[in-house]
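Data first, discussion second: the structure below is written as structure tokens.
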Amino acid sequence: MNKRLRQCPVCNQALDIVEYHCPSCDITIRGKFGIGELAALSQAQQEFVKVFICCGGNIKEVEKRLKISYPTVKNRLAEVASFLCDDSPEEDYSDVLNEISEGNISVDDALKRLEKTRR
């Protein structure tokens, strides 16, 4: 079965679900149906949420399973949270500080990144 389309292939606007069909009894239900917030996440975000839940929310285990760094896990989690939650999370610069301390980015690069987030 194909994954559900999210955007119109012609104009790239969001698609509405307007029909469900049961092939077993040949019943069709028409209306306007929502998809729910989790289904609205990108495929990558859905996979991250799945792994995060399967790991019981243990960030170290998510790091191991996805082979990504702690700051990357935190960034992906913040990205999903900002999409799903009504309130914006408080600014947290620990991911940038961790990347500096691990030698992944320079102080100048960190300052540039922080400037972008302030805009």
Side-chain angles (χ1 to χ4, degrees):
M1 178 181 271
N2 291 337
K3 297 278 185 186
R4 185 183 61 77
L5 290 174
R6 294 191 172 140
Q7 294 178 320
C8 172
V10 176
C11 69
N12 290 326
Q13 293 299 309
L15 292 172
D16 289 333
I17 300 170
V18 295
E19 183 174 291
Y20 283 101
H21 179 77
C22 176
S24 175
C25 63
D26 200 32
I27 293 291
T28 299
I29 303 167
R30 294 175 191 244
K32 190 169 181 179
F33 306 99
I35 61 169
E37 292 176 326
L38 292 177
L41 293 172
S42 71
Q43 192 65 34
Q45 289 170 325
Q46 288 180 21
E47 182 61 28
F48 174 80
V49 169
K50 178 183 174 184
V51 170
F52 186 80
I53 290 170
C54 290
C55 291
N58 183 317
I59 292 177
K60 290 290 184 190
E61 187 62 31
V62 174
E63 282 182 79
K64 289 177 191 172
R65 281 235 193 133
L66 296 179
K67 296 177 177 66
I68 56 177
S69 69
Y70 178 88
T72 303
V73 173
K74 292 288 284 182
N75 287 338
R76 289 189 186 173
L77 187 57
E79 180 182 291
V80 170
S82 70
F83 181 83
L84 295 176
C85 302
D86 290 335
D87 56 333
S88 301
E90 292 181 24
E91 291 185 7
D92 180 15
Y93 303 115
S94 63
D95 57 333
V96 176
L97 295 173
N98 284 335
E99 289 193 56
I100 293 171
S101 67
E102 292 173 1
N104 295 334
I105 62 172
S106 69
V107 173
D108 289 335
D109 290 338
L111 290 172
K112 288 175 190 173
R113 185 185 299 177
L114 293 174
E115 277 299 317
K116 287 180 186 177
T117 60
R118 289 184 185 164
R119 295 179 192 158

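- In this structure, CG in L111 is found 9.0 Å from CD1 in I105, a value given to the nearest 0.5 Å.
- Listed here is the closest heavy atom pair of P71 and N98: CG-CB, 3.9 Å.
- By the side chain to side chain donor-acceptor pair (under 3.5 Å) test, D26 pairs with H21, sequence neighbours left out.
- Interatomic distance, OG of S69 versus CD of E99, reported as 6.0 Å (0.5 Å rounding).
- I68 is connected to I53 through a chain of hydrophobic side-chain contacts under 4.5 Å among Ile, Leu, Val, Met, Phe, Trp and Tyr, so both are in one cluster.
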request  = Report the C-alpha separation of E63 and K60 in whole Å, then their side-chain angles, then the decisive distance to 0.1 Å, and conclude whether the salt bridge (charged side-chain N to carboxylate O under 4.0 Å, His left out) test is met.
outcome  = CA-CA 5 Å; E63 282 182 79; K60 290 290 184 190; 3.5 Å; yes
request  = Check the pair F52 / I59 against side chain to side chain contact (heavy atoms under 4.5 Å, CB included), numbers first and verdict last.
outcome  = CA-CA 7 Å; F52 186 80; I59 292 177; 4.3 Å; yes
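- At a threshold of 4.5 Å between side-chain heavy atoms, the hydrophobic network of Ile, Leu, Val, Met, Phe, Trp and Tyr places V73 and L97 in two separate groups.
- For the atom pair CG (D95) and CG (L77), the distance works out to 11.5 Å, reported to the nearest 0.5 Å.
- Looking only at side-chain heavy atoms (C-beta outward), R113 and D109 stay at 4.5 Å or farther from each other.
- Between V96 and the choices L114, V107, N75, the side-chain contact (heavy atoms from CB on, under 4.5 Å) rule is met once, by L114.
- Using a 4.0 Å cut-off between a side-chain N of Lys or Arg and a carboxylate O of Asp or Glu, R76 and E79 do not qualify as a salt bridge.
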task = Step by step, work out the side chain to side chain contact (heavy atoms under 4.5 Å, CB included) result for V80 and L41.
result = CA-CA 8 Å; V80 170; L41 293 172; 4.3 Å; yes
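- Contact between L38 and Q46 at its shortest, heavy atoms only, is O-NE2, 3.4 Å.
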